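Structure first, then comments.
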Amino acid sequence: MMNKMNVPLLDLKLQYQSLKSEIEPVLMRVAESQALILGEEVVKLEKSIAEYCDCKYAIGVSSGTDALLAALMALEIGAGDEVILPDYSFFATAGVVARLNAKPVFVDSEPESFNINPSLIEKYINKNTKAIIPVHLYGQVAAMNEILEIANNHGIPVIEDCAQSIGAQYFDGRKCGSIGLMGCFSFYPTKNLGGFGDGGIITTNDEKLATKLRQMRNHGMEPKYYHSFIGGNFRLDAIQAAVLNIKLPHLEDWHEARRRNGELYTKLFIEKGLSSEAGFQSFDDENKVLIPKAIYQESGVKNYHIYNQYCPRIQKRDELRQFLSENNIGSEIYYPVPFHNQPCFAKFSGDGSEFPVSNALSSQMIALPIFPELTADQISYVVDVISEFFK
Ligand SMILES: *Cc1c(COP(=O)(O)O)cnc(C)c1O
């Protein structure tokens, strides 16, 4: 039996230790200034993120959820409207739509990219459809060419949910958040770029929308105490921006480390005979671990996947998770319940027969540790334990 190791799903303390000497003086500077909301640090972050995402504008907000909410409010989406989105994502993607009294319309996912299946979108479009929100799940850009073609044919705006995908690129090199009309990002601590609490940002190339979103995040106020429309308190704190300004220059290195970790898992799963290059075609028999892969085009060029999560599909997922836990390995399930099965969305859902893929994903996906500081030994240990499980 191999020696037991400890492999947490995520260890944020390691990243903090490596940046402590840079971060602490900045925290003190914000404390001394007592300029606590928006301000210089937020302006600096907005400039840097706009540049990083190849966008003209970026508007800092209070969370990824509020980024999505403000984006929908800027499009004046409300009662009687419908918004198309994947059935399989984090709750916020659908929650924001329902909060505005609009109807979230769920679409099944693709079995290997885990993103919204573009070939299914068109049949859900009707005269009430006011937006499409593709999610770049786990850090891989959805099939944006296909999605935009349908959206443009019908004159429907596309809002990218980039909460898990900052820095991810479509196979043609376009950065997520610059492809649709707006991109909504989260700085929740577990994302690839995480703050010291909640935070988010919205990117766009549309000047009018950028102006509206700036006003939206501050109760629609302009000038002071005059409100021509209703917004909310979606403002970003200076302390979050200050921390994120320190972290952003390291982001590309962290992406590369996650990608290296992902490639090592994949290589080891194949070497152990647990996964096959054949992919989905042979999932079930010799292909016990369906490895998450960067989708590629006929040209052979792949999406630039930033692996916010490394989630293989596994048949006996729940038993495996128990076994991993007994061997001190952290894991998580993103997500155990697809939207159409959430009690709060019952009135938007049919009998579930439209969602064979998201139903399968919800019982098979498991997130393994992938964070940048993970060692090669830890990854080998995880693969050894999984191999042991299948014996
Ligand atoms: C994290 C996340 C959000 C919400 O971001 P918060 O900053 O936590 O509000 C939205 N969509 C997806 C897909 C996410 O993963």
Side-chain angles (χ1 to χ4, degrees), residues 9-10 12 42 45 49 58-73 83-100 104 106-107 109-110 113-116 131-142 144 147 158-168 176-177 179-180 182-203 213 217 232-237 239-241 243-244 247 258 292 305-311 332-339 342 345 358 361-362 365 367 370-371:
L9 181 66
L10 175 64
L12 288 170
V42 171
L45 179 72
I49 295 283
I59 300 93
V61 293
S62 35
S63 69
T65 304
D66 287 343
L68 289 163
L69 186 63
L72 292 172
M73 288 171 76
V83 177
I84 289 177
L85 47 95
D87 185 46
Y88 195 70
S89 175
F90 176 61
F91 181 78
T93 316
V96 290
V97 175
R99 275 171 69 185
L100 293 172
F106 310 133
V107 176
S109 300
E110 296 180 309
S113 77
F114 318 132
N115 283 322
I116 191 168
I132 301 174
I133 311 182
V135 179
H136 308 313
L137 202 68
Y138 309 141
Q140 167 154 242
V141 177
M144 291 303 289
I147 294 167
V158 172
I159 301 170
E160 296 174 68
D161 183 337
C162 306
Q164 301 184 3
S165 63
I166 189 164
C176 73
I179 311 174
M182 287 177 268
C184 299
F185 296 81
S186 165
F187 300 126
Y188 186 75
T190 64
K191 315 289 182 179
N192 283 29
L193 180 62
F196 276 14
D198 283 310
I201 208 162
I202 308 166
T203 54
L213 288 165
R217 76 173 164 192
N233 173 0
F234 307 137
R235 296 178 302 245
L236 181 62
D237 288 341
I239 212 151
Q240 300 307 335
V243 169
L244 293 163
K247 287 191 177 190
R258 285 171 181 270
H305 194 321
I306 59 140
Y307 288 107
N308 177 242
Q309 302 298 342
Y310 183 91
C311 298
E332 190 48 87
I333 296 169
Y334 303 116
Y335 298 91
V337 185
F339 291 153
Q342 292 290 357
F345 293 145
S358 71
L361 296 181
S362 64
M365 303 304 288
I370 184 78
F371 62 93

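The figures that follow rest on heavy atoms only: side chains count, while hydrogens, waters and symmetry mates do not. Keep in mind that this is a model prediction, so the values were computed, not measured. Start at 1 and go down the list; that is how both ligands and their atoms are numbered.
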Check: Asp161 N/O within less than 3.5 Å of ligand 1 N/O: yes
Which residue and heavy atom of the protein sit nearest atom 7 (O) of ligand 1, plus the separation: Ser186 OG, 2.6 Å
Proximity of Tyr138 and Tyr334 rings by center, below 6.0 Å: no
Side chain, backbone, both or neither: the part of Ser89 lying under 4.0 Å from ligand 1 by heavy atom: side chain
Close side-chain approach of Ile116 to Val135, heavy-atom, < 4.5 Å: no
Contact check: Val135 vs ligand 1, nitrogen or oxygen atoms, below 3.5 angstrom: no
Short side-chain donor-acceptor distance under 3.5 Å, Glu160 and His136: yes
Option whose closest heavy atom lies nearest to atom 2 (C) of ligand 1, chosen from Gln164, Gln309, Lys191: Lys191
For atom 12 (C) of ligand 1, closest protein heavy-atom neighbour: Ala163 CB, 3.4 Å
Ser358 side chain to Asp87 side chain, donor-acceptor N/O pair below 3.5 angstrom: yes
Exceeds 12 heavy-atom contacts within 6.0 angstrom, atom OH of Tyr188: no
Atoms of ligand 1, numbered as shown, that sit under 4.0 Å from any heavy atom of Ser63: 7 (O), 9 (O)
Thr65, any N or O under 3.5 Å of ligand 1 N or O: yes
CD on Gln164 to CD on Gln140, rounded to 0.5 Å: 12.0 Å
